[in-house]
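Read through the structure below, which is laid out as structure tokens, and then see the notes.
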Amino acid sequence: MTGSEEEAKLGARRLARCLQKLGFKVRFSAFRVVNVLAVCSMPFAVHLVDFTKNNRPIASYEPELHPAATYRIKNLKATVQVFSTGSLTVTGPNVQSVASAVEHIYPLLYECQKPRCK
Amino acid sequence: MSSRVCRTCGGSDIDVDQARGSAVCTGCGSVLEDNIIVSEVQFVEGSGGVSSAVGQFVSADGPVKAPLLGSGFHTGVGKESRAQTLQNGKRQIQQLGSQLQLNQHCLDTAFNFFKLVVSKHLTRGRRTEHVIAACLYLVCRTEGTPHMLLDLSDLLQVNVYILGKTFLLLARELCINAPAIDPCLYIPRFAHMLEFGDKNHEVSMTALRLVQRMKRDWMHTGRRPSGLCGAALLVAARMHKFRRSVKDVIGVVKVCQTTLRKRLTEFEDTPTSQLTIDEFMRVDLEQECDPPSFTAGQHKVKMQQLEQELARKLDEVEGEISCYKEEIETELEKSRPKLRGIYAAYAKEMDPEDEDVLSSPSDPEDKEGDDADLQAAAQRLTQDFLCQVIQEEGGRAPQEVETEGAGLPAQGASLASILGNASLGLQESFHTFNLPEPDQNPDEDPSPSGELDLEGIDDQEIDKYILNEKEVEVKTELWTKQNADYLKEQKEKEERITKEKEQGTYKEKKKKYKKREQIEAATAGEAIEKMLERKKISSKINYDVLRDLNQPAGSPASEPPGGAAAAPRKRLSRRRRKAGDANAELSAGATMMTKRFRRLISSTPRKKKAAPQVETAVVTETASEAVPEAPPAAVPGPAPAEAPPPVETEEEEEAAEEDCVSALRLVGDYGCEEEEVF
């Protein structure tokens, strides 16, 4: 999905064009996507306590502070926040790493899923 | 005691007598050691017959207050700092821990954590109290005490998230896996605070059961345990006929009303809430529920799906809408003119339902007027009916809807395929749009010069974003109104600065330190001189008088400089580095004067040979007499050969050079010779 990075650049250029039209001197160089944030949702709920226990110390869960369990993938440099409803937010340096992070974490979540009862 | 072998017989059976302090071989009887240092407690008789043990108390933390502080100072410097840190930390831990009523074992463990943290240099850049609090909380978690991070933050008056950040970091660095918080831990503590008296235990047990039930119902993941406890305790209290209002509970549990109410509502939604009190105590339902937020999300998604499918299903339903539509159609058929080729084909071949489907999702291109009217009317009627149906559907129980929903997907699929065909064109265009993008090199910078690449930017669209004149005015007004306070502050500040500037009291807030030039000096003396020159000159010198020395004034002029010179002389003596070095002293004396003097000195030619002559001649105080005697050539003698060329404004008349110089000589000489006098 490299299209989104291109779109970001396009958006930045449009903004620069806006400024240019307003009369400011514009220089557009070294555009770089630094961080990508993505959300996705699992079709099942996740048992966070088990998930954290299985994945110590990579995962950390502190209910007093934040409702989600944080899972940091070192080699991808991506962070996944898992909520008990099964939604995830993934942040990473580029779109590729975010996609791989989701693939990486899916089996781990699948193990600790909460079966739907209704 | 090491098992040694006897030197004489080689036997290894050695008897060590602690009392006598001797080691004897039992084989041959030879004494191996005598006067072994013994570690016996000795007693000494004090005055009045009181016997006391000999020795002194030593701290368990190590030789912090080493008795050899005087002699062992240098070696102790490095260790002292670390020991001091640890000591300080220990004290703070004790203080904070006692407020939390932690036992000594916990405090010791916390101190051990702290020692680990310090050795890993994690205290750098963090407040000690944060680190202490994190260590204590770590202990609380590992021991399972009912202390919350909120308690610690209450005590320290620090934001709980900041403490949490430090705590998480420490836990990660120390590789300590703190077990997850169990809300059951907090129940006894909160129950105690709510004062249930005799029935405390029973209420606690009920509340525990409730919490466990909540856990099974998935209400506890992602939530603060204190909120759950609060709800459980409230219900338990009511069950045992205690009157505890929501306010009491939230005061103890430290959550807000909204949270508590929400928990109660969620619990209400679970099937367990339908049981009576007795049933609850006896029976435990098998069924488990989904987490409430999950259920809410699912519900929303379901509703959306339902709406969509109903919209499509609409076409199948025989209703007023179809009749109306057909009627309208027949009417229009009669009245409207012949359609263009393509639309005629559409109207005849496709089903009315598909036409509807096509018209609503895909963007209706500019159709003919009548056609548009027809579509609009149909759509409006469709929507009305939709709303009605949805309301009815929403009223029904979810199960029913679901069964209907099962039947819907089949129809939905067929419609979707038709829809898919129609929108395929749209998708294709989208794909073609996407394809060229990846072909480009994303990292390629089209213009390394920084020029803005206008490719792909729609100028007209950009123009729309920019506000026109009128809008700009309105926005400016709005903004100024909003930020009036800030603008006022800035204005006042400006006024204040200008006023102070006029008064001359304006102090530049930002002190820009100019980089100092490196002092280039050949000798130490010269370096000192230069340094003193750059440094601030003393306030004890009467500069006016010094300046007047330039004038060819007689002895009266010399007296004040003599007096004035007394002060620098004294200081000179104090500042002296090499007592015997006349030149250095003179130079130092020279630097005590203003820069002007030194300039005069340095401007004259330098000759060292006349130095002794000058010194003998300058014994007398009167400058005037000394002045004519001393040849100008000899003047620079006392002054160092390497007097610095000071940089300053223009000098007074060069003619008075001699006077100044001699005065300086005086000063310089007095510095070196008259020292004993003062």
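Computation of the quantities below employed the complete heavy-atom set of this structure, encompassing side-chain atoms and omitting hydrogens, waters and symmetry-equivalent molecules. Numbered from 1 within each chain, the chains take letters A, B, ... in sequence-line order.
Looking at A:H47, the atoms closer than 4.5 Å to chain B (heavy atoms on both sides) sit in the backbone and in the side chain alike. Heavy atoms closer than 4.5 Å to chain B are found nowhere in A:V33, neither backbone nor side chain. For A:A16, the parts lying near chain B are the backbone and the side chain together; criterion is any non-hydrogen pair under 4.5 Å. Residue B:L163 does not touch chain A at all, counting heavy-atom pairs closer than 4.5 Å.
Crowding of A:K53 atom NZ: a count of heavy atoms from other residues, nucleotides or ligands under 6.0 Å not exceeding 12. Heavy-atom neighbours of B:E471 CD from other residues, nucleotides or ligands within 6.0 Å: above the threshold of 12. Other residues, nucleotides and ligands place no more than 12 heavy atoms under 6.0 Å from the NZ atom of B:K165. The 12-atom threshold is not exceeded at NZ of B:K475, counting heavy atoms of other residues, nucleotides or ligands nearer than 6.0 Å.
In terms of the side chain to side chain contact (heavy atoms under 4.5 Å, CB included) criterion, residue partners of A:N55 (sequence neighbours excluded) are, by chain and number, A:F51, A:A59, A:Y71, A:L108. Applying the side chain to side chain contact (heavy atoms under 4.5 Å, CB included) rule to B:L155 yields the partners B:L96, B:Q99, B:L100; only residues at least two apart in sequence or on another chain are considered.
Between A:L65 and B:L149, the closest side-chain pair of non-hydrogen atoms falls below 4.5 Å.
A:E62 and B:F167 make their closest contact through OE1-CE2, 3.6 Å (heavy atoms, listed as atom of the first residue, atom of the second, distance). Between B:R223 and A:P63, the shortest heavy-atom distance links the atoms O-CB, 3.4 Å.
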